[in-house]
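Source: prediction; values computed, not measured.
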Number of protein chains: 2
Amino acid sequence: MLSQKCQYALRAVFELSKSYGAGPVKIGSVAGAQDIPQRFLEVILAELKRGGFLESRRGSDGGYTLVRSPQTLTVGEIIRFVEGPIGPVECVTGKPADGCRLYPGCAFLGMWRRVQDAVAGVYDTTTFGDLLESEAKAAGEFVPSYAI
Amino acid sequence: MLSQKCQYALRAVFELSKSYGAGPVKIGSVAGAQDIPQRFLEVILAELKRGGFLESRRGSDGGYTLVRSPQTLTVGEIIRFVEGPIGPVECVTGKPADGCRLYPGCAFLGMWRRVQDAVAGVYDTTTFGDLLESEAKAAGEFVPSYAI
DNA sequence: CATCATGTCTATCGATATAGTCGAGAAGTA
DNA sequence: TACTTCTCGACTATATCGATAGACATGATG
């Protein structure tokens, strides 16, 4: 399960993707649009900036800007930055010998790797550009039932 | 990331799979073979018993027995019992409206479901019988480097 | 029946992570 | 100057995790 913080980070980057190339977006605006506690979001955006994903400006007309194009920025990059390595168990995320006394003969290792590959495969092939498309498509398909 | 407890549970069931049909296995024996703190394992095995996965006998010659054949028992069943539903976020594990103000138009929903399907796909198609085979195979391939 | 070996139950504990808040300050803009 | 916005560091409450402890129940054995 991804942490709430990580989900907020993804939603924030997604929101900034919408305004890519259109000037800075204020924290309050992102918080409102994505339903994120503002003071918490401040912390998160500052981290993402330090990670090189965002730029910022202060003062009125200030706000945050996405550095790279949503078309090339993947969900996996953000998740790894916020959460650390992706994977179901420590044996396959970093130093494998770490405590696993059963390594490398462990019967579960193959399964863990299959899960890891499957998950990382999805996250690393999904860009924020893709997500923008998804949302546009969903909005297009959505037919409000105003008709009786 | 799966909890330590869940990994212990899987290793314990795996260990019991080895003795399926061959009488009860003591807690201490499982704990030793799989490197699990015994008092913690007691708690875990008791839960698995309550879940209907194991049977037990007390006294000397006592211990735990796997109820179903390793060939039909999947890893997914154990994980769900110990951890609850499988999935990267709450939106796709149970009641979806739970707080997600953006549901059902959420741009991430499709991705979450792809991840969930991929993960559950692996866990639900891996039986403890498969794991026994993996281990046997790994043991066969393992060539200790005694040769100079 | 006494005894020993084993599982069973309930409670507790310390450490860590999570989710979030707060106040003061720095840097832009008008 | 005054206002707006980001920035920084500290802080806190709560929950969960991983694990342990003690008392008890039950079965086998002699």
Side-chain angles (χ1 to χ4, degrees), chain A residues 1-12 15-16 19 23-32 34-67 79 82-85 88-90 98-101, chain B residues 1-12 15-16 19 23-32 34-67 79 82-84 88-90 98-100:
Chain A
M1 287 268 293
L2 295 177
S3 69
Q4 198 67 15
K5 180 179 175 182
C6 185
Q7 294 180 55
Y8 287 157
L10 292 172
R11 302 225 297 259
E15 192 62 26
L16 292 174
S19 305
V25 184
K26 297 187 211 323
I27 292 183
S29 169
V30 175
Q34 291 291 330
D35 205 26
I36 304 172
Q38 176 153 353
R39 297 305 302 260
F40 197 19
L41 183 59
E42 289 176 13
V43 176
I44 295 167
L45 292 183
E47 275 182 41
L48 287 171
K49 183 191 171 181
R50 267 178 256 124
F53 296 102
L54 309 180
E55 280 173 352
S56 65
R57 274 179 56 189
R58 305 198 214 197
S60 25
D61 262 38
Y64 279 96
T65 320
L66 198 58
V67 169
I79 293 180
V82 177
E83 298 268 80
V89 295
E90 281 205 352
D98 235 27
C100 192
R101 210 196 61 183
Chain B
M1 288 269 292
L2 294 177
S3 67
Q4 199 66 15
K5 180 178 176 183
C6 185
Q7 294 180 55
Y8 288 157
L10 292 172
R11 302 224 298 259
E15 192 62 25
L16 292 175
S19 304
V25 184
K26 298 188 211 320
I27 292 183
S29 169
V30 175
Q34 290 292 329
D35 206 23
I36 304 171
Q38 176 153 351
R39 296 306 304 259
F40 197 18
L41 183 58
E42 289 177 15
V43 176
I44 295 167
L45 291 182
E47 276 182 41
L48 287 171
K49 184 193 170 179
R50 268 178 255 124
F53 296 103
L54 308 179
E55 280 172 353
S56 66
R57 273 180 56 188
R58 305 199 214 197
S60 24
D61 262 36
Y64 280 95
T65 320
L66 199 59
V67 170
I79 293 181
V82 177
E83 297 268 80
V89 294
E90 282 205 351
D98 236 28
C100 191

Toward the 5' end of DNA chain D, by each residue's nearest nucleotide, A:S56 or B:S60: A:S56

- prompt: How long is the line joining CZ of B:R57 and C1' of D:dT29, in whole Å?
  reply: 13 Å

- request: Check the distance between C:dG7's P and B:D61's CG and give it to me in whole angstrom.
  value: 11 Å

message: Rounded to the nearest 0.5 Å, what separates atom CD in B:Q38 from atom NZ in B:K26?
response: 11.5 Å

query: At under 4.0 Å between heavy atoms, what does B:I27 touch on the DNA or RNA strands: base, sugar-phosphate, or nothing?
result: sugar-phosphate

query: Between D:dT5 atom P and A:L54 atom CG, what is the distance in whole Å?
result: 18 Å

- request: Find the distance A:I44:CD1 to D:dG9:P and express it as a whole number of Å.
  value: 17 Å

Side chain B:E42, main chain B:I27, donor-acceptor under 3.5 Å: no

query: Does A:E15 reach the side chain of A:V25, with side-chain heavy atoms less than 4.5 Å apart?
result: no

query: What's the shortest heavy-atom distance between B:L41 and B:A31, and which atoms?
result: CD2-N, 3.5 Å

query: Rounded to whole angstrom units, what separation is found between the CG atom of A:L16 and the P atom of D:dC6?
result: 11 Å

task: Between protein and nucleotides 16-25 of chain D, map the contacts as a letter string: B base, S sugar-phosphate only, - none, heavy atoms under 4.0 Å, written 5' to 3'.
output: --SBBBB--B

- request: Classify the nucleic acid contact of B:G28 as base, sugar-phosphate or nothing, counting any heavy atom under 4.0 Å across all strands shown.
  value: nothing

query: Are the side chains of A:V82 and A:E47 in touch, meaning some heavy atoms are under 4.5 Å apart?
result: no

Salt bridge (charged side-chain N to carboxylate O under 4.0 Å, His left out) partners of B:E55, counting only residues at least two apart: none

